[in-house]
Structures are given as C-alpha cells and as structure tokens.
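Here is the structure we will look at, set down as structure tokens.
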2 protein chains.
Amino acid sequence: MPRIPASERRAALARAALTVIARDGLAAATTRAIVAEAGMPLASFHYAVASRDELLRDVIELVVAAEGVAAGGLLAQAETPRDAIRGALNGYLDHVRSDPGAEQAMFELTQYALRTPELADLPAEQYRRYHELVADLLEAGASSLNIEWSIPVPDLARLMVTLTDGLTLAWLADRDDAAAGVAIDHAADAISAFARAPRIPAVIA
Amino acid sequence: MPRIPASERRAALARAALTVIARDGLAAATTRAIVAEAGMPLASFHYAVASRDELLRDVIELVVAAEGVAAGGLLAQAETPRDAIRGALNGYLDHVRSDPGAEQAMFELTQYALRTPELADLPAEQYRRYHELVADLLEAGASSLNIEWSIPVPDLARLMVTLTDGLTLAWLADRDDAAAGVAIDHAADAISAFARAPRIPAVIA
DNA sequence: GCGCAAGTGGGTCAAGCGTCCCAGACGAGC
DNA sequence: GCTCGTCTGGGACGCTTGACCCACTTGCGC
C-alpha cells in the first residue's frame, strides 16, 4: 500500500463508497465493503474519516457535484422551447438509464440524510443547488432560444426539478421507457407554455 | 399476551413495522423494534412471518392501500380544472405535511424493494396502482367538471404522479411551504391546459 | 542523515442483528 | 374432560457491524 495523505484517502473512500452504494445499495455500504472497494485496509477508514456518517456527508457532496457536471450537457441545440425542454428531459432520463444505480444512490442518500440528525441539513442544501443549477440552464436556454420565461426562473427551475425527480422515481420503479417518453413529451408541451417572445427582441444577425 | 391467530399477528406486525419506519426510518425497523412496537415477544415474529423481507412485502401493500384511501378525499369541489388540480395537489401536500415520516417511509420502502431481489417486483406494481388510482380520480374530475382531457387519461395520470412524487421529495428535503405552493400553482396552470370542453356537451340542468 | 510526525494494517472489541429452538400453556373439537 | 394442534416467550446462536488499539513503517523537514 503506497503512502497517501489522509485527505486523498478520504476522497478515494468517498468515491469508493459511491461505487458501492450505486452497485449494492446504501445498506450494503459498510465500512468493510467500502475499504474493499478502495483496496485499503479497514484501519485506513477511521484514520481518514471520523465516522461512517461523516464519510456519507462527503459522498453526498460528491454526488451533487457530479450531478452538476452531468447537467452541463443537457443544453442541446433546439429550435423551439418545447424541443429544448424535451431534449433536456430526455437527456436526463438517458443519464438515469445509463446508470440507474447512481441515481438511486442519490435518493437513498437523501432519505438517509433526512433520518440522521448530523446530516439533516444536507438535503435542503442539495436541493438548493439543484434548483440553482437548473435555473442557470433555463437562463442559458432562454437566451440561446431568444425567448423569455413568463414566470420567475427560480419557480420554473423548481418545477423542472420536480419533473425530473418524479420521472426518475417512476422509471426506476417500472422501467417503462415508452411511458416515460410520453410523459416527457406532455411535460414539454406543458412547460413550454411558460416561454414567450422577449419584450426587447434580439437583433437578428 | 392473549392468544391471537398468526394471520392477525402478521397484520399487526405489518402495522407496527410501518409505525416504526415512519418514525425512525427503515434502517431502524429491526425485528426487535417491530415486536416492541407491537408489544409482542420476539419469537412471535418468526412464528407469524418467515422473514423480515416477507414482512416488508406486507408493509408495502399496506402502504399502497393506505395511499388509496388518502387519495379518495382529494376530489374537492372546484369550478375550474385549474382549481381542481390545484386543490388536489395542495390536498396531497397537506397529507404529506401532516405525516412526513409516513411519506418518507414509502420512498424508503420502494428504494429498498428495488435493491432486494425477492421484492424487486413490488415497485412496478406499486406504481401501476398509483397510476390507476390517479386515472380514476382524473376521470371522476372530468365528469364532475364537465370537461374532457385532451391527452389519454393514463398519460395524464402518470404526469400527475410524477408531479406529486417530485413535489414531495423536494418538500421533504427543504420543507419550503411557500415554494411548494408556488410550484403547485404553476403546475396547475400547466396541467389544466390539457382540459377542454367535451365534444358532446352535457345538458345544463 | 536522522528524528519524529504521519501513515499503515492486522487483530480485536462490544453491540446489535436476523433467525431459530424448545419447553410449556392454551383452547377448540371429539 | 382429554388430547392434539396452535400459539407463546425466554433464551441463545452465529454472524456482521462500526469502531479502534497499537506495534510497525515510511519519508519529510531540519
């Protein structure tokens, strides 16, 4: 075992924990399973981190950061607001489909954090960042489509996150691709009603 | 301890398990915690039920049935489709607010079932019944409002369940009543666009 | 080049877990 | 009223868990 500073081990343990949780679930993410995944002796665990719960705190932050990266690619080229929303939601669902365990891990971690007093503050922060992230995407989308949103962007962002969470939960439960696709189409219809021409039209190049 | 047939003990254990899960989370729902809640000796557990997972199967069915009862009250009096949807979503959120643990228990059970091979069939069935339930509500709403839905009712039902799940998750995380209320208002605006006058108007009394 | 803080890892601990055993108590049906 | 299947409940087993001790090794800063 090479000598690695504790802070790096801590990060490696968080990554390993996420891998285990995505593959086998939160209940299976024991200290032993995590160090086995990371290829470390058991003792490294409590040397790098004070407790299992403290590591899970790191894992949640890791997940939120990863979600941010994943969201970056959702701004597809589109002609209309409807297509943009449809594309973004389908892109998100593709991301879920490509690694369902990772997405389920997120839900499990959130639920666990809500039950654990020391972590109870994390879910609110987690969702605050999701909402912020989606709000940025909506702003960017509006400017690239040359439209504006008829309701406040933070409101619309919360609605979009509501949709992605709901779509993900149902798809995880029944894995019905067709039904999810149809739901996305209808959702895109409904949400694109909040797009309108800007008060000050942009100059057409 | 009075003599109680095993089938009744089984039902009592399922109810006790749900109480424990709602209060302390799924991880805390050990066989000992469940029998303590039910006021039974530990041995009654495996006399009434083959394994903990088998009891959780009962618990999930109990939860789904309870959700059905709760949904019955959501058909409030309303003048417009928008108000009807708004009322139903607000009623649902009130239900969540009144007992957040119970709703969280549902999510935890679903996630656990997805991770447990013997229970992996349950979530799909669970969501099938939610969708069916909401579809019935939408049919009833349409006839009492004298409208029809412009998209297939099963599609709209899935979209409504998507919204309730998403609203619930975000509210559980940040407990932001105001934001949830605003999201419901916008969602009601968006969804009510799928209501239209019927092809064959009803006779006005 | 050397001392000492930083890092390693095998072994161990008590607690709590799901499950099971079995001797005994009960009460419905003959 | 006796008997036999149903039900009770204290106890215990084997295992996994999070935690952590401590003797050892390493390599950076002086």
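Order of the sequence lines sets the chain letters (A, B, ...), proteins ahead of strands, with each chain counted from 1. No experiment lies behind these values; they were computed from the predicted model shown.
- Taking the six-membered ring where tryptophan is involved, the planes of B/H95 and B/Y92 are tilted, since the angle between them lies from 30° to 60°.
- A salt bridge does not link A/D155 with A/R158: none of the charged nitrogens is closer than 4.0 Å to a carboxylate oxygen.
- Summarising the geometry, the separation between CD1 on A/I34 and P on D/dT17 is reported as 11 Å, rounded to the nearest angstrom.
- Listed by residue number, the members of residues 20-32 of chain B with any heavy atom below 4.0 angstrom from DNA chain C are B/T30, B/T31, B/R32.
- The pair B/R57-B/D121 meets the salt-bridge criterion, since a charged nitrogen lies less than 4.0 angstrom from a carboxylate oxygen.
- In this structure, B/R10 atom CZ and D/dC7 atom P are separated by 13 Å, rounded to whole Å.
- Counting to the nearest Å, the C1' atom of C/dC26 and the CZ atom of B/R9 are 13 Å from each other.
- Between A/H46 and D/dA19 there is a side-chain polar atom (N or O) within less than 4.0 angstrom of OP1 or OP2.
- Between the CG atom of B/L42 and the C1' atom of D/dC7 there is a distance of 15 Å, rounded to whole Å.
- Looking at the side chain of A/Y47, the nearest of the listed nucleotides D/dC7, C/dG9, C/dG7 is C/dG7.
- At whole-Å resolution of the value, CG in B/L13 and P in C/dT19 are 13 Å apart.
- The distance from the OG1 atom of A/T164 to the CG atom of A/L89 is 7.5 Å, given to the nearest 0.5 Å.
- Residue A/F45 contributes atom CZ, which lies 15 Å from atom P of C/dT8 at whole-angstrom precision.
- One can place CG of A/D53 at 13 Å from C1' of D/dA19, the figure rounded to the nearest angstrom.
- A/D185 has a carboxylate O that lies under 4.0 Å from a charged side-chain N of A/R86, or vice versa, which qualifies the two as a salt bridge.
- Going from atom CD of B/E54 over to atom P of C/dG18 covers 15 Å, rounded to whole Å.
- Distances shorter than 4.0 Å separate none of the side-chain N or O atoms of B/R52 from OP1 or OP2 on C/dC17.
- In this structure, the nucleotide among C/dC20, D/dT8, C/dG9 sitting nearest to the side chain of A/A43 is C/dG9.
- A salt bridge does not link B/D24 with A/R115: every distance from a Lys NZ or Arg NE/NH1/NH2 to an Asp or Glu carboxylate oxygen is 4.0 Å or more.
- Across every non-hydrogen atom of A/A84 and A/L145, the tightest pair is CB-CD1, 3.8 Å.
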